[in-house]
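Lettering of chains follows the sequences in order, A, B, ..., and the numbering in each one begins at 1.
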Amino acid sequence: MITLLTDFGLTDHFVGVMKGVITSIAPDTQIIDITHDVPPFSIAQGAFLLDQAWRYFPKGTIHLAIVDPGVGSTRRPLLIRSRGHYFIGPDNGIFTHLESAKIRHLDQPKYWLPDPSNTFHGRDIFSPVAAHLANGVKPASFGSLITDPVLLTIPPCSILHIDRFGNLITNLSPSQFPPQSFTLTANKHRIKNHAATYALCPEGELCIIPGSSGYYEISIASDSAARRTGLIPGSVLKLDVSS
Amino acid sequence: MITLLTDFGLTDHFVGVMKGVITSIAPDTQIIDITHDVPPFSIAQGAFLLDQAWRYFPKGTIHLAIVDPGVGSTRRPLLIRSRGHYFIGPDNGIFTHLESAKIRHLDQPKYWLPDPSNTFHGRDIFSPVAAHLANGVKPASFGSLITDPVLLTIPPCSILHIDRFGNLITNLSPSQFPPQSFTLTANKHRIKNHAATYALCPEGELCIIPGSSGYYEISIASDSAARRTGLIPGSVLKLDVSS
Amino acid sequence: MITLLTDFGLTDHFVGVMKGVITSIAPDTQIIDITHDVPPFSIAQGAFLLDQAWRYFPKGTIHLAIVDPGVGSTRRPLLIRSRGHYFIGPDNGIFTHLESAKIRHLDQPKYWLPDPSNTFHGRDIFSPVAAHLANGVKPASFGSLITDPVLLTIPPCSILHIDRFGNLITNLSPSQFPPQSFTLTANKHRIKNHAATYALCPEGELCIIPGSSGYYEISIASDSAARRTGLIPGSVLKLDVSS
């Protein structure tokens, strides 16, 4: 099984073409989309979404993750093995959240399409490598081991992601800070309400909710906390822990 | 086969994660998206879209339908059998249009993911139940029968849905009212033209067309009737039947 | 394998319904989306995207391509065989870029759904024909040969498509004009920079890049060339070849 996560959107032919390349090489592979609407060039949000998704797939799944503003430059294409899953994509921080991984630099063009373009490695390098891996080619065949991948720096107490409903996902987790034990200040909004579910949040109020991502979210029932607060991914929050 | 209809959008990891959960439990299941762009929290539009889609799938298909503003509250999770198909989702009216159904309250946590969250039952309850059902677990294993599902009230002569092209889908059907036998008044627009196809509607005019949904649609050739009239789902129309 | 390319969007039930029809007739068919976000009624962009995508799929693939403002009028439904692939859709120019093709008019209703609507041939005609073809029904069974398909006229030196990143894809190719051998003028913008990759384009400058489509693209690193220039698909460019 191969999953796809990109910032390519669904308005172009890019994603369909990648699936064509994969099924031409590995016809029986199941392909599942995680998302193709990572905000363009947003490596940090791609890294967050990948980290949320991969663990729900069976062991052995191959995850293609392509947010790649440096395509065609000297940034390296990678194949990573981590916790029984495979990850393929550019070396720019998108794999920051993976643990204790074995990392290879994809330096063997025999597994790429011939004459790869400078602008669409998703089609010309990453998809064919994923398909050959699905066909049983050994990881070592694709390239040599490296130990210095690019890693992102995530500010402490910040917004990782805004979801479709406008919920603001932080990088604070209930295991670090129990519910009711802290407040957050975001722009001019002081957020003191803690609620267990969206439905328990008082109408029209910002609440801190233990989200399905494993992190606290800032939410409003049936409205957008992002619009209300003006916060964006990367925004830093002020944390006050109750004494 | 399992179909998915949600208001989760495609910009997040939610839909990909559900597919991961399903394929982890039932690896050979075919998963087909109906739509994930139901307007957030719009149960009525979700109910309309589900009703349009399910009947075109083979008998035995399992339809997951999740528009769920009450997730984490006391609203019940349901499994419904109707006309040879299965339906799984929240008890909030999204299954209003199904006929004479056998309805179960999903009250058996052994078929859920462990420690379900309060905010993402699509991942933690509905997807694993669908996957176990696809694997052949008997419906009775998932919960006890109920007879009092939540049902929506649809106003007579109203707009059910606006499609991508701006066509306004009404709840009037040709079997109730033959073509040419009535006019509609919407805001200040009196709509008298009846046409058999979009292409036969006079350029720039609003027309009443027997749509592919089985209902009349208000349309303009190559333009948006929604933008022209300002109508939205739920808007009520005035019906005048010719004498 | 069947691919889908439409302007139906993903907010409605249309695409899911087509997949239901296909899997009801041909249950084991793999269905892959190329895109459903062709701008509504934009036949030229649909033709471009189809031409970019089909060649990456295995021989024998069936490509459904439906951008169909004339649905329900006298425009013919077609089945085309070209270079080992099959193409199904309306006769309005969407197949303009296919070479030396064998073209059939779908005039055999026995392979359609009963009582086809006037507004949704994707469901009622094109999908069932694709599914029966996938099941092995011979092309000649679906209709008689024709030789006069509708073809689009593409202006020389114009914009074919704007991609998700705002890159402007032209119809000029490196095989006609080598890199560095020409400049383009678009509205008031004279574009002289040639770059091999997005990353090599000077920050904030418009560049001419040999794109992955086989055509030159006008691009800005990490920004939208479409927004900067105001150009749209169909816009004509002024070409100056260096002497």
Is chain A contacted by the side chain of B/R123, its backbone, both, or neither, given a heavy-atom distance below 4.5 Å? side chain

Would you mind reporting whether B/L113 and A/Y56 have side-chain heavy atoms less than 4.5 Å apart? yes

Given that the side chain runs from C-beta out, which part of A/D33 has a heavy atom under 4.5 Å from chain B: side chain, backbone, both or neither? backbone

Looking at B/D115, I'd like to know if its CG atom is crowded, meaning that more than 12 non-hydrogen atoms belonging to other residues, nucleotides or ligands lie closer than 6.0 Å. no

Check each atom of B/S24 against the heavy atoms of chain A and say whether the ones under 4.5 Å are side chain, backbone, both or neither. both

Heavy atoms, side chains only, cut-off 4.5 Å: are A/R164 and B/F8 in contact? no

How close do A/S212 and B/T119 get, heavy atom to heavy atom, and via which atoms? N-OG1, 3.2 Å

Which atoms of A/L4 come close to chain B, meaning under 4.5 Å heavy atom to heavy atom: side chain ones, backbone ones, both, or neither? neither

Do the side chains of A/L200 and B/S73 get nearer than 4.5 Å, heavy atoms only? no

Please name the pair of heavy atoms, one in A/T197 and one in B/N118, separated by the smallest distance, quoted to 0.1 Å. CG2-CB, 3.3 Å

Do any of residues 11-21 of chain A come closer than 4.5 Å to chain B, heavy atom to heavy atom, and if so which ones, in number order? none

In short, A/D223 meets B/F41 closest at the heavy-atom pair N-CE1, 4.4 Å

Chain A contact via B/H36 - which portion, at a heavy-atom distance below 4.5 Å: backbone

Non-hydrogen atoms of chain A under 4.5 Å away: do they reach the side chain of B/D124, the backbone, both or neither? neither

Below 4.5 Å from any heavy atom of chain A, which atoms of B/D37 appear? Answer side chain, backbone, both or neither. both

Please state whether the side chain, the backbone, both or neither of B/P27 comes within less than 4.5 Å of a heavy atom of chain A. backbone

Relative to chain B, which segment of A/L10 carries a heavy atom at a distance below 4.5 Å: side chain, backbone, both, or neither? side chain

Do you know the tightest heavy-atom contact between B/V71 and A/Y198? CG1-CD1, 4.0 Å

Could you look at A/Q30 and say if it's the side chain, the backbone, both or neither that has a heavy atom under 4.5 Å from chain B? side chain

